Amino acid sequence: MRRILVTSALPYANGHIHIGHLVEYIQTDVWVRFQKLRGRCCRYFCADDTHGTAIMIRARQEGLGEEELIARMRQDHVADFTGFQIEFDNYGSTNSPETRRYCGEIWSSLRKAGLVDERAVTQLYDAQAGTFLADRFVKGTCPKCGATGQYGDNCDKCGAHYNPTDLIDPVSTLSGTTPEIRTADHLFVNIEKLHPFLEEWTQRGGHLQSEVANYLAGHFLGEPLHDWDVSRPAPYFGFEIPDSPGNYWYVWFDACIGYMGSTQQWCDRHGERFEDWWRSPDTEIHHFIGKDITYFHTLFWPALLHVSGFSLPEKVHIHGFLTVNGEKMSKSKGTFIRASTYLEHLDPAYLRYYYASKLASRVDDIDLNFDEFIAKVNADMVGNVVNLASRTAKFAATTGLATSYPDDGGLFAQAATDGQAIAESYEAGDYAKAIRLILAAGDRANQFVEQRAPWNLRKDPAKVDELRDVCTIGLNLFRQLAIYLAPVLPRLAQQTGELFNDPILSWDQSQKPLLGKPVGKFAHMMQRIDPKRVEAMVAASQEPADVEPLPESVPFDNDAALLAEPLTETISFDEFARVDLRVARVIAAEDVHGAQKLLRLTLSLGGRNHLNVFAGIKGAYEPEELVGRLVICAANLAPRKMKFGVSEGMVVAAGGAGEIFLLSPDSGAKPGQRVH
RNA sequence: GGGCCCGUAGCUCAGCGGUUAGAGCAGGGGACUCAUAAUCCCUUGGUCGUAGGUUCGAUCCCUACCGGGCCUACCA
């Protein structure tokens, strides 16, 4: 009996599930449901990834214990998955005795194999927070280019890489204090010793998509693999390493092992043997992951499994990222949509279908374009597939299905044959192709109904048999589609089962027509998407419930000024470029007698190029304090004749009545330079 | 700097060493009225990123370039 063990990457307990995560869980769930529908012995395991510094910090911020934090987040995660009809056989946690047990087992294998080295690592340490600082918790000045506010590993500005200990003026983002440099012993896995094995495993046997294999060959395997630092000194939320007190396994060490912990929990509940799933040649292991964690799942994880004598993955299925309307998800644009927010507004079937229609077995990113999302679901699912039942079920309610299958010109047989290609596409992860084939069958079925026009047949009592036959065909063709779509749309399959009082449990049901059954009362199986619901969902996402606390060094500003004077309409770059802003030096300033708000300024653009400008800044600035300073002026304004003379430009300032702040360039700017 | 992937109709994508390169959506015209303004028929639309090369023949293979995306473990 072929057994299949499937996993999705473990979501981190530091955040909520969003529509980007769902690409993976939907992709995996479809595959698992497909396997189960085909009669395979397939089990789907996942868990929360709960360890690490980020969890410690967050727990501290929220005034919770780590255990409490992860317990809460787990509840939310499970609720989100349930809402999207993602059906795990077990959903565990890395913070479980089962996971700890397998960490220990694998660890001792690594020790026995002589792959563990120990050496000192120097890191920044936050004495106030009492913790070593990961790169992203340190900010400072780039040692190469002097840019400020850079993280501990590399510089945004010049791209330099460095150690956090090289940062100039480092500051801990946890406490705002200056970290000290401390040294601690870390444990390393000498993965280079497994280089030949990894070369072989990644490049042969079809375990990886070809582009991934190429990527690894070109990127990591062409030279010695670096040791993997798998320990963190206390305090750390995780498992203490049994033979190295005071040190904890790094979160990425136990993350993948969480797959095993979850499996063990399921085994315990069902009286199964763990060995049958992780140490048996009869079991295929399939991991579904995002491309961001390729490294861990295609090099370290196989290495750990190999050393410990566990089965290696048959295949690691790697997908790309989600973009929304062609861009990265954005909180300010409302496209960073949480699973729970989606569920408040829309049917999960829409997203399951849309993702399925986009997914192929490639690492490409997929885009959720809302216009396309609405059009696709409405046209394909409601207009094509569900419509088939909608337009025939009513006529068949009195007659039921015929007792022998009528001549349909080979439509049912063709769709039954197509089932092979559809199944192969699902199996290969090319859901987009499966969907194309299914929709093509739906098109043929709609054409058939159109030609035989049951709405005309029912007008003639003599044609009641023909009417029943046409509906029998139409409904059976629909049912085939529902079976093929069952992995993607479990609820549609269930509703279809109820319509005919014959539950859909197996792929094989698509190969034989259903006959002689009564047809239940038809109820809409899927509502069209109202674009307003999508808008509402985006609007609801625009105010992020997940407010990221800003580092203490950056003050929080309220939006009073923006509200007082809202943004004006968008302009093109060309329109902006028409305004010629220049650096200018104030070389003379005087009060304008008789004017309430005006000062008269003489601006120099360098050389003998002077502008005479009347500026409405009287009261905010004394004339004498302006002389000599640099300002920004709009230099190509048409001269304007005023009561007191001609003004040849404007000085740029922020604020309004009562508060005026002139803009000035940073030191070094020269009069006459254009502001771009 | 290096690597991987991609560039086919307005949009999303199939395809592929060999007749005249396809589908869905969008656009245009018509039909129907059973169905959730669904469905059906007809139709507009592409120098298959550019330039070379291999070949009897290239959208497909090779090379370079251009454009886009992603990755880059103290960089190779």
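A, B, ... follow the sequence lines: proteins, then strands. Residue 1 opens every chain. All values below were derived from every heavy atom in this structure, side-chain atoms included, with hydrogens, water molecules and symmetry-related copies excluded. The structure displayed is predicted, hence computed values, not measured ones.
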Check your understanding: Pick one: which of A/W31, A/Y353, A/Y355 meets side chain to side chain contact (heavy atoms under 4.5 Å, CB included) with A/Y431?
Key -> A/W31

Point to revise | Among B/rA73, B/rC70, B/rA35, the nucleotide that comes nearest once only the side chain of A/K291 is considered | key: B/rC70

Study note, to complete from the structure: Taking B/rC4, B/rU36, B/rC75 as options, the one with an atom nearest any side-chain atom of A/E211 is B/rC4

Review point. When you match A/G383 and A/T392 each to their closest nucleotide on RNA chain B, which lands nearer the 5' end?
Key: A/T392

Review point. Between A/S210 and A/R528, which has a closest nucleotide on RNA chain B that is more 5'?
Key: A/S210

Exercise for review: Look at A/D365 together with A/K291 and state whether they make a salt bridge at an N to O cut-off of under 4.0 Å.
Suggested key: yes

Practice item. Return the orientation label for the A/H186 and A/F188 ring planes: parallel under 30°, perpendicular over 60°, tilted otherwise. Key: tilted

Review point. For atom P, what is the distance between B/rU8 and B/rC48, given to the nearest Å?
Key: 11 Å

Practice item. With P as the reference atom in both, quote the distance from B/rU59 to B/rG18 in angstrom, rounded to an integer. Key: 11 Å

Take atom [atom1] of [X] and atom [atom2] of [N], then tell me their distance rounded to the nearest Å.
X	N	atom1	atom2	result
A/L216	B/rC70	CG	C1'	14 Å
A/M526	B/rA38	CE	C1'	14 Å
A/L467	B/rA35	CG	P	13 Å
A/D371	B/rG24	CG	P	20 Å
A/D292	B/rG69	CG	P	19 Å
A/D443	B/rC41	CG	C1'	13 Å
A/L221	B/rG3	CG	P	16 Å

Tabulate atom names and distances for all N/O pairs under 3.5 angstrom spanning the protein and nucleotides 28-33 of chain B.
none

Check your understanding: So what's the dot-bracket for RNA chain B: Watson-Crick or G-U pairs under 3.5 Å, [ ] if a pair crosses, | if it pairs off-strand?
Key -> (((((((..((((....[...)))).(((((.......))))).....(((((..]....))))))))))))....

Can you name the atoms? Protein N/O to nucleotides 11-14 of chain B N/O, anything below 3.5 Å, with the distance.
unit_1, atom_1, unit_2, atom_2, d
B/rU12, O3', A/K358, NZ, 3.2
B/rU12, O2', A/K358, NZ, 2.8
B/rU12, O2', A/E372, OE2, 3.3
B/rA14, O2', A/R436, NH2, 3.4

Practice item. Look at A/Q451 and B/rC40 and indicate whether a side-chain polar atom (N or O) is within less than 4.0 Å of OP1 or OP2. Key: no

Practice item. Give the minimum heavy-atom separation between A/L198 and A/P302, together with the two atoms involved. Key: CD2-CB, 4.1 Å

